[in-house]
Amino acid sequence: MSRLEIDSPSRADIVIEGLYKDLERRIESSPPGLCPVDMARAFLELCHAQTCGKCVPCRIGLGQLNHLIKDVLDGKATMETLDIMEKTAVSVMESADCAIGYEAANMVYKGLIGYRDDYIEHIERGRCICTYSQPVPCVSLCPARVDIPGYIALVRDGRYADAIRLIRKDNPFPTTCGFICEHPCEARCRRNMVDDAINIRGLKRVAADFAGEVEPPACAASTGKKVAVLGGGPCGLSAAYYLQLMGHQTTVYEMLPKLGGMLRYGIPNYRLPKDRLDDDINSILKTGVEVRYGVKVGTDITIQEIQKEYDAVLIAVGASTDKKLGIEGEDAAGVLPAVEFLRDVGMNKIMDLTGKEVAVIGGGNVSMDAVRTAKRLGAKKVSIVYRRRIADMTALYDEIEGAIAEGIEMQTLKAPASIDVDENNHVKGIYVTPQMVSAIRDGRASIRPTGEENIYIPCDVLIIAIGQNIETKHFEDAGVPVARGKIVTTSTGAFKDMPGVFAGGDSASGPATVIKAIAGAKVVAANIDEYLGYHHIITSDVEVPIPNIDDRTPCGRVNLTEREAGIRVCDFEGVENCMTEKEAIQEANRCLRCDHFGYGIFKGGREKLW
């Protein structure tokens with residue numbers, strides 16, 4: 001007679017497991033702008049359904065919290081209700097037997113603190129503060145508000161040049177972003193509810209590759225106004241492009257021999273081929289933007305001198321210097337800042353690393369660029385030294401995966417302690433302190449030393465990639481407000497006591513992504529135009545195709561392929577391959593056209609001008 005049986009899932013178990021996965025995808029696709037109070041109610045009901053019913057705090061307490069939130073939403077609550085909710089949540093947190101009750105109550109408690117104004121608005125006025133003003137999730141999450149469904153539809157119809165024209169309405173770097181954008185727009189793509197997010201960046205790359213040369217739009221009549229842009233990176237060039245289209249003569253001051261900033265001198269050619277970057281820059285220059293190369297503000301010319309010559313000035317200098325480790329031996333020969341290392345490579349000042357061992361400290365995109373570049377320069381062994389885990393790295397997952405495929409060694413949970421040098425003060429290794437994960441703080445696992453002895457990692461070259469700083473001293477001396485290493489502006493990019501001076505991009509936000517710099521450029525360009533006494537409109541005359549009403553059946557996502565790791569590591573040619581036209585049409589057909597169907601048509605999901 002059998003004592004045990006092999007369990008197999010029932011039909012109900014399989015269906016429920018599928019429902020959990022559906023719920024996971026639906027949560028992932030939640031658009032910004034939903035009522036947080038109503039979302040708290042929905043999550044609380046789900047948590048209440050998960051309770052085993054054993055303990056009273058979870059079984060009864062969560063139910064009481066749910067009733068109280070419903071009273072808020074139904075207009076039956078008072079300010080006293082919020083106090084009762086807070087006390088109830090704390091009580092459940094302190095007395096629940098397991099994480100189901102504690103975490104559910106903690107979610108309500110955090111909401112009462114984090115978005116209390118939303119609760120008060122419901123109680124006092126019976127409405128939400130939140131606005132569902134942009135019903136298209138991808139557009140709402142794109143910092144530059146590019147018309148993503150519009151250009152995807154144009155790619156589907158083979159109208160690649162029109163797709164580029166539509167993108168340029170909000171982003172004058174369509175080719176560049178097709179290669180290196182971090183695509184936050186894909187995070188809550190509604191297609192996740194069906195199968196997987198649309199490959200938005202990949203389709204932008206298709207438009208750029210297949211369109212050929214696309215002329216920029218005509219500029220407005222000259223206003224006679226002159227604007228100076230300090231810095232020729234993505235923010236400075238984007239602002240110059242839009243200001244020139246508005247009819248203001250714009251001049252860019254660039255300290256390096258070529259335009260592009262970190263796009264040219266920070267991102268390696270294998271990620272962003274420089275001839276493709278030039279495609280975007282040349283289109284910008286065709287509008288009539290003037291450039292003064294080799295001029296560093298604060299050394300060759302002062303901002304005060306520039307102010308006298310121009311009607312408005314935009315500071316867009318970017319984050320071009322490195323942060324220091326602050327440990328012994330950092331001034332030794334062979335210890336290089338990552339920005340300097342990558343800039344030299346970008347200027348064809350190639351360092352021969354043949355047969356050498358290279359270590360790079362850091363876990364961001366810059367550190368990945370540094371290790372993969374070092375490998376291409378002939379290094380025998382290249383390691384990343386990072387004090388946290390791979391899961392904690394801020395670099396894009398694809399960049400980490402690419403580095404590992406190319407033979408980069410990941411030395412994680414090792415914090416730099418000191419740098420070992422030889423008799424000639426040249427680096428020969430680094431001592432690192434073993435770390436272990438510890439308490440989670442602000443949603444991220446902290447670390448602490450394990451207590452073990454330091455480990456020695458030999459290296460001939462040590463590259464520091466732990467962050468970047470902005471050169472602010474000259475601007476601070478000129479009266480520009482600076483705090484914590486960045487320029488402090490109003491939300492419009494202006495300064496309260498410096499009329500005609502604006503700041504945008506990394507100089508105002510701190511080091512950020514390319515698309516955020518472009519978004520900042522749109523803001524300051526529009527506000528400089530207003531300051532100069534105008535109200536020019538940026539728009540596009542491209543007509544977006546009518547949506548396809550065919551059913552969208554589940555279909556796999558087309559990802560961009562890459563050249564074989566063993567071959568690509570020997571050169572600086574582009575790593576990624578573009579989609580074929582057939583793949584692009586299939587991928588574009590997966591788009592659910594949220595700009596038209598559902599709430600999109602009701603709210604008007606297309607912003608045709610700004």
Side-chain angles (χ1 to χ4, degrees), residues 168 172-173 176 215-265 277-278 280-318 320 470-472 474-475 478 480 487 489 492-495 498-508 517-518 520-534 536 538:
R168 281 183 182 161
F173 283 93
T176 298
E215 292 295 315
C219 297
S222 175
T223 62
K225 301 292 185 180
K226 297 196 301 179
V227 181
V229 175
L230 315 184
C235 177
L237 288 175
S238 297
Y241 173 78
Y242 291 121
L243 288 165
Q244 197 71 35
L245 290 183
M246 294 171 184
H248 311 304
Q249 183 54 56
T250 308
T251 302
V252 176
Y253 285 79
E254 172 55 50
M255 68 176 183
L256 293 170
K258 291 186 178 181
L259 293 170
M262 294 301 288
L263 296 177
R264 185 178 300 278
Y265 298 108
L277 170 62
D278 286 336
D280 287 333
I281 293 175
N282 290 337
S283 293
I284 291 169
L285 295 181
K286 279 183 180 180
T287 62
V289 173
E290 296 177 354
V291 186
R292 295 189 184 178
Y293 296 99
V295 180
K296 184 172 183 179
V297 179
T299 302
D300 303 309
I301 192 171
T302 66
I303 189 172
Q304 295 92 333
E305 291 173 315
I306 293 173
Q307 281 180 276
K308 292 175 184 177
E309 190 179 342
Y310 294 89
D311 298 294
V313 178
L314 169 61
I315 302 169
V317 291
S320 58
I470 298 140
E471 290 188 73
T472 58
H474 170 68
F475 301 109
V480 175
I487 294 170
T489 70
T492 64
F495 301 98
M498 297 185 72
V501 180
F502 296 76
D506 289 355
S507 61
I518 293 167
K522 281 180 63 178
V523 172
V524 290
N527 292 324
I528 288 172
D529 184 56
E530 294 288 328
Y531 168 77
L532 295 174
Y534 297 88
H536 290 99
I538 300 294

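We use all heavy atoms of the structure for the numbers below, so side chains are in, but hydrogens, waters and symmetry mates are not. All figures in this text were calculated on a predicted structure; none of them were measured in a lab.
- Side-chain contact annotation: T492 with N527, donor-acceptor N/O pair under 3.5 Å absent.
- With sequence neighbours left out, the side chain to side chain donor-acceptor pair (under 3.5 Å) criterion links D278 to R264.
- In summary, of the residues considered (L263, T250, I284, V229), a side-chain contact (heavy atoms from CB on, under 4.5 Å) with L237 occurs for I284 alone.
- Heavy-atom minimum distance, P172 versus Y241: CB-CD2, 3.6 Å.
- Rounding to the nearest 0.5 Å places NZ of K308 at 7.5 Å from OG1 of T302.
- Residues H474 and I303 are in side-chain contact: their nearest non-hydrogen atoms beyond the backbone lie under 4.5 Å apart.
- Looking at heavy atoms from C-beta onward, V313 lies in side-chain contact with L230 at the 4.5 angstrom threshold.
- Atoms CG and OH, on L256 and Y293 in that order, are 11.0 Å from each other to the nearest 0.5 Å.
- No donor-acceptor pair under 3.5 Å is formed between the side chain of T176 and the backbone N or O of L277.
- The main-chain N or O of L285 is never found under 3.5 Å from a side-chain atom of Q244 such that the two would form a donor-acceptor pair.
- The CD atom of E530 sits 10.0 Å away from the NE2 atom of H536 when rounded to the nearest 0.5 Å.
- Annotation: the span from Y310 atom OH to T251 atom OG1 amounts to 3.5 Å, rounded to 0.5 Å.
- Within the 3.5 Å criterion, the main-chain N or O of K296 finds a donor-acceptor partner in the side chain of D300.
- The number of heavy-atom neighbours closer than 6.0 Å to NZ of K226, taken from other residues, nucleotides and ligands shown, is above 12.
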